[in-house]
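Just so it is clear, the model here is predicted, and its values are computed rather than measured.
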Amino acid sequence: MKQEFLERAINLAIENVASHKGGPFGAVIVKDGKIIAEGVNRVTDDCDPTAHAEIRAIRAAARALNDFHLEGCEIYSSCEPCPMCFSAIYWAHLDCVYYASDAKDAARAGFDDAFIYEELKKDPEKRRIPFRKVELGGAKRPFEDWLADPERNEY
């Protein structure tokens, strides 16, 4: 862990607050001791609820490396990643996550994700936003076709 990368993520967050273009979050992705991608929160400016700093940094790193697997990379975030970013980090196969502030700090500033973890524990139909499975013939066909395709690009 290099402190300078975490400090860069924090400074990105500070600059982002000053710009009034998004929330107080910044992230950098490092490979071989060099920053290859950066991201700041742009949820409000882009009108995109997925435009979190970590997501934007992951997208930029994947483009920079021309690969959706980011093994060999580390992410440095100004704050502990939310559930969405947590998942994206796993999907991207990053090696390690370093963060400065934690989820409690974010909650005190109005960014509280605790309810999402509670929602995940509930039966789908009992969640605040109900999830309802609908049985349809052919619903499994995309998976069957995927498994039958010898040229599929697994991830």
Task: Ile36 vs Leu65 side-chain heavy atoms within contact, under 4.5 Å - done: yes
- [ ] Tell me whether Val43 is reachable from Val17 by hopping between hydrophobic residues (I, L, V, M, F, W, Y) whose side-chain heavy atoms are closer than 4.5 Å.
- [x] no
Open item on the list: To check you understand the geometry: which heavy-atom pair defines the closest contact between Ser78 and Pro24, and what is its length?
Closed with: OG-O, 3.9 Å
Task: Residues Arg8 and Glu38 bridged, charged N to O under 4.0 Å - done: yes
- [ ] Using modelled atom types only, decide if a donor and an acceptor are shared between the side chain of Arg152 and the backbone of Trp146 within a distance under 3.5 Å.
- [x] yes
Open item on the list: How close do Cys79 and Asp102 get, counting heavy atoms only, and between which atoms?
Closed with: SG-O, 3.7 Å
Task: Crowding at CD, Glu71 (>12 non-hydrogen neighbours, <6.0 Å) - done: yes
Task: For the student: nearest non-hydrogen atoms of Gly39 and Ala57, plus distance - done: N-CB, 3.8 Å
Open item on the list: I'd like to check Ser19 versus Arg42 (side-chain heavy atoms, cut-off strictly below 4.5 Å). Are they in contact?
Closed with: yes
Task: Whether Glu80 side chain and Ala103 backbone form a donor-acceptor pair below 3.5 Å - done: yes
Task: Side-chain heavy atoms of His93 within contact of Leu70, under 4.5 Å - done: no
Task: Phe111: partners by ring pair (Phe, Tyr, Trp, His ring centres under 6.0 Å), with sequence neighbours left out - done: Phe25
- [ ] Tell me, with the steps shown, if Tyr155 and Phe68 meet side-chain contact (heavy atoms from CB on, under 4.5 Å).
- [x] CA-CA 8 Å; Tyr155 55 98; Phe68 53 85; 3.1 Å; yes
TODO: Check whether any side-chain N or O of Asp113 sits under 3.5 Å from a backbone N or O of Ile116 as a donor-acceptor pair, and report yes or no.
DONE: no
TODO: Any chance you could measure Gln3, atom CD, to Glu7, atom CD, to the nearest 0.5 Å?
DONE: 4.5 Å
- [ ] Supply the atom-to-atom distance Arg59 CZ to His52 NE2, rounded to the nearest 0.5 angstrom.
- [x] 10.0 Å
- [ ] Dump the intermediate steps for side-chain contact (heavy atoms from CB on, under 4.5 Å) on Ile35 and Phe5, then the final yes or no.
- [x] CA-CA 8 Å; Ile35 294 175; Phe5 300 134; 3.7 Å; yes
TODO: Determine yes or no for a side-chain-to-main-chain donor-acceptor pair under 3.5 angstrom, with Asn16 supplying the side chain and Gly23 the backbone.
DONE: yes
Open item on the list: For Lys133 and Glu135: C-alpha separation, side-chain torsions, deciding distance, then whether salt bridge (Lys or Arg N to Asp or Glu O under 4.0 Å) applies.
Closed with: CA-CA 7 Å; Lys133 184 172 190 241; Glu135 298 291 337; 2.8 Å; yes
Open item on the list: Just checking Lys31: does its NZ atom have more than 12 heavy atoms from other residues, nucleotides or ligands closer to it than 6.0 angstrom?
Closed with: yes
Task: Minimum heavy-atom distance Ser77-Leu6, with the two atoms named - done: O-CD1, 3.3 Å
Open item on the list: How close do Pro81 and Ile89 get, counting heavy atoms only, and between which atoms?
Closed with: CG-CD1, 3.7 Å
- [ ] Can you measure from CD (Glu119) to NZ (Lys126) and round to the nearest 0.5 angstrom?
- [x] 12.5 Å
Task: Close side-chain approach of Ile29 and Leu94, heavy atoms under 4.5 Å - done: yes
Open item on the list: Please check: side-chain N/O of Asp48 versus main-chain N/O of Thr50, any donor-acceptor pairing under 3.5 Å?
Closed with: yes
Open item on the list: Are Ile55 and Val40 connected into the same hydrophobic cluster when the rule is that any two of I, L, V, M, F, W, Y join if their side-chain heavy atoms are below 4.5 Å apart?
Closed with: no
Open item on the list: Measuring from atom CD1 of Ile75 to atom SG of Cys96, what distance do you get when rounded to the nearest 0.5 angstrom?
Closed with: 10.5 Å
Open item on the list: For the NZ atom on Lys2, are there more than 12 heavy atoms of other groups (residues, nucleotides or ligands in this structure) within a distance under 6.0 Å?
Closed with: no
Open item on the list: With no hydrogens and no angle check, just 3.5 Å: does a side-chain donor-acceptor pair link Tyr76 and Glu74?
Closed with: yes
Open item on the list: Whether Arg127 engages the ring of Phe131 as a cation-pi pair (distance to the six-membered ring centre under 6.0 angstrom, angle to the ring normal within 45°) should be assessed.
Closed with: yes
TODO: Specify the closest pair of heavy atoms between Leu12 and Ala27, including all atoms of both residues, with the distance to one decimal.
DONE: CD1-O, 3.8 Å
Open item on the list: Test your reading of the model: is there a side-chain donor-acceptor pair from Asp112 to the backbone of Ala107, 3.5 Å cut-off?
Closed with: no
Task: Carboxylate-amine/guanidinium proximity below 4.0 Å for Glu144 and Arg141 - done: no
